[in-house]
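See below for the structure under consideration.
The chains referred to below are lettered A, B, ... by the order of the sequence lines, with proteins before strands, and numbering in each begins at 1.
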Amino acid sequence: MRGRQQGGGLINPRWFPRWLKPVVHAACLLPLVWVVLAAWQDRLGANPIEAITRFLGDWALRGLLVALLVTPLRRFSGWTAVMRLRRPLGLWAFAYALLHLLSYVVLDQYFDWAVIWGDILKRTYITLGMASAVILLVLAVTSIPALIRRLGGRRWVFLHKSVYLASVLGILHYFWMVKADTSSPWLYAVCLMFLLVLRLPFPHRRNPALKS
Amino acid sequence: MLIRSLARWMERESAVTPYDDYLNRRTFLQGTAGVIAGGALALGSGRAQAAVSRPADGEGLAVLPGVQESPLSTSGETLTPYKDATSYNNYYEFGTDKGDPVRYAASLKPRPWTITVDGACAKPGVLDVETLLGMPLEERIYRLRCVEAWSMVIPWVGVSLKAVIDRFQPLSSARFIRFETLNDPVQMPGVRRAVLDWPYVEGLRMDEAVHPLTILAVGLYGSVLPNQNGAPARLVVPWKYGFKSIKSIVRISFVETAPLTSWAKAGPTEYGFYANVNPAVDHPRWSQARERRIGEFRRRETLPFNGYGEQVADLYKGMDLAKFY
């Protein structure tokens, strides 16, 4: 009998068909295609700039949560090869965060650096969002294979644990922005907490059936 | 995308219907005797102002008869397209997304509708919306500046709040006026969640309430108010942030002390009782210095008192507006 840590053996741990990565990339591209088309066709309502910025921010958070799902998925399914999706998913989350930031800088503020700098210093939610973006930028850059090797496994793992901090900051950024209805940021917060709980070490309980 | 929506509007502007055709169209559309009588009444009142010549645009909503132009209208502004003004709304009783009100407000029943008027006044009573609609209606083109740093220009139709207030003869002890929105979970899906402490409450100082710019709006673009814009009657106070302009009013009370308003209750450090548009006093979480006019790309400078300082700044003489935000 297999222990839970090894998963249920429902899936071949090495299963990774050739089409999987392209399909994941295509799926990650879909929201971006949707928003570009919607903007082009004037379907984003009265305030398209706000709609684009919020849409991209939403998908940055969703992307982070999906990327954070990979490790628990391996843990509970035993599907080891799924780890090969962690890097592309993380990079897609970063891409949406970057586009969200660009939308704020270019569309919303139109390169008004004085205002942007003032926002970063004065407005807590912008400060938090910006901190989250900087962390994600560092993680994206250190995802280049040559840099992973230069950093060395242990340091790389330690550095990349800060994705948790980036996620927490990203969600706080959302909390601090809304006026009264916090249901949507709460949903992200609960999902993140769940994903973090799935990473906790199991208490070592022996299966009583195995006891002699 | 922005250019196209502007072009849509400009087409409407250029196709200004001659006044007689406008009257005929209205008569044709509004076959009810009462409305025709109302129109005749307004026309017969011999007011010096001209009737509004732009065709009404209510997308099927009843056209308001005999609407007169007003010298208090803001000139020189491009009107926000009707579709934008009626599909991008903050009306939390129907949901917190700005697309929610237009999606869900169909469940609101704006007729029959009465407004209870009580408190410190000689003649408390009930104001029927039909009575409001029978009063001489004026078009007031006003800038609307939301606390979220976006703005619109809307041609409201309504009556001066003072004309309404006078009917109930407030006492000298009435220093403030309190407004309340309908709070009905059947008609308003949003109030089933305690996002705010329902009912929505707003208030004005009495001198603000009787200021000529303050109106009770019953329509926009020449037609009755769409539900998502606060049908059947809402306040419009153009020099204050939009949340002061309370929608779908069911109760007006004359009171002695400043009422605790909904947003001031929800976030006392963020929303004050006065809520005058003020580029110099930021919301704690965002700047109020500039705003995005709906339909424009670059933000524009926000004007003190939303550009109505000449008319209203005197009301706040000697007050520290950073303290009374």
Side-chain angles (χ1 to χ4, degrees), chain A residues 34-55 57-58 102-130 172-188, chain B residues 1-8 80-90 92 95-100 102-103 146-152 190 193-197 200 241 243 262-263 265-267 270-271 282-287 289-301:
Chain A
W34 185 90
V35 77
V36 168
L37 267 179
W40 187 261
Q41 297 170 345
D42 196 7
R43 281 193 285 117
L44 291 175
N47 196 346
I49 293 171
E50 180 191 70
I52 291 168
T53 310
R54 295 203 173 165
F55 179 90
D58 264 329
L102 282 176
S103 168
Y104 161 72
V105 170
V106 182
L107 300 178
D108 196 13
Q109 302 295 344
Y110 198 66
F111 306 107
D112 194 333
W113 298 111
V115 169
I116 292 167
W117 186 239
D119 274 355
I120 295 172
L121 294 181
K122 273 197 286 187
R123 327 247 168 251
T124 317
Y125 84 97
I126 303 269
T127 316
L128 295 174
M130 215 52 96
L172 283 178
H173 159 73
Y174 192 3
F175 262 107
W176 237 291
M177 188 208 75
V178 300
K179 276 200 322 187
D181 184 2
T182 52
S183 57
S184 194
W186 265 116
L187 187 63
Y188 286 112
Chain B
M1 54 194 164
L2 302 175
I3 293 164
R4 210 175 70 187
S5 63
L6 261 181
R8 262 200 326 255
T80 299
Y82 178 87
K83 191 161 189 300
D84 290 346
T86 56
S87 64
Y88 187 77
N89 308 96
N90 274 322
Y92 279 18
T96 54
D97 188 274
K98 276 185 274 291
D100 285 341
V102 69
R103 272 196 289 273
C146 178
V147 75
E148 296 166 1
W150 54 265
S151 63
M152 296 183 178
R193 287 179 53 215
V195 179
L196 290 171
D197 188 7
Y200 193 84
Y241 292 120
F243 68 85
S262 289
W263 279 105
K265 198 172 183 178
E270 306 195 332
Y271 311 96
D282 285 346
H283 184 280
R285 290 181 286 150
W286 55 82
S287 166
R290 298 182 310 149
E291 66 200 48
R292 170 159 296 108
R293 177 68 52 82
I294 292 304
E296 292 180 356
F297 176 60
R298 299 286 296 270
R299 286 173 181 258
R300 47 164 81 204
E301 301 291 316

All ring-ring contact (aromatic ring centres under 6.0 Å, His included) counterparts of A/Y174, not counting sequence neighbours: A/Y188
Checking B/N90 against chain A: side chain, backbone, both or neither under 4.5 Å from a heavy atom? side chain
Answer key: most heavy-atom pairs under 4.5 Å with chain A among B/W263, B/Y88, B/Y271 is B/Y88
Interatomic distance, A/N47 atom CG to B/W150 atom CH2 [nearest 0.5 angstrom]: 8.5 Å
Could you tell me which non-hydrogen atom of A/L107 sits nearest to which non-hydrogen atom of B/R292, and how far apart they are? O-NH2, 3.3 Å
Using the test ring-ring contact (aromatic ring centres under 6.0 Å, His included), find all partners of A/Y104 that sit at least two apart in sequence or belong to another chain. none
Picking from A/D119, A/T124, A/V178, which has the most non-hydrogen pairs under 4.5 angstrom with chain B? A/V178
Among B/V147, B/V195, B/T96, B/L196, which residue meets the side chain to side chain contact (heavy atoms under 4.5 Å, CB included) test with A/K179? B/V147
Side chains of B/R290 and A/V115, heavy atoms from C-beta outward: is any pair under 4.5 Å? yes
On a heavy-atom basis, which atom in A/R123 and which in B/D282 lie closest, and how many Å separate them? NH2-OD2, 2.9 Å
Quick one: does A/D112's side chain get under 4.5 Å of B/R299's, heavy atoms only? no
Quick one: does B/R298's side chain have a donor or acceptor within less than 3.5 Å of a partner on A/Y110's backbone? no
Answer yes or no: does atom CH2 of A/W176 have more than 12 heavy-atom neighbours from other residues, nucleotides or ligands under 6.0 Å? no
Taken to the nearest 0.5 Å, the spacing of A/D108 CG from B/F297 CZ works out to 9.0 Å
Could you look at A/I126 and say if it's the side chain, the backbone, both or neither that has a heavy atom under 4.5 Å from chain B? neither
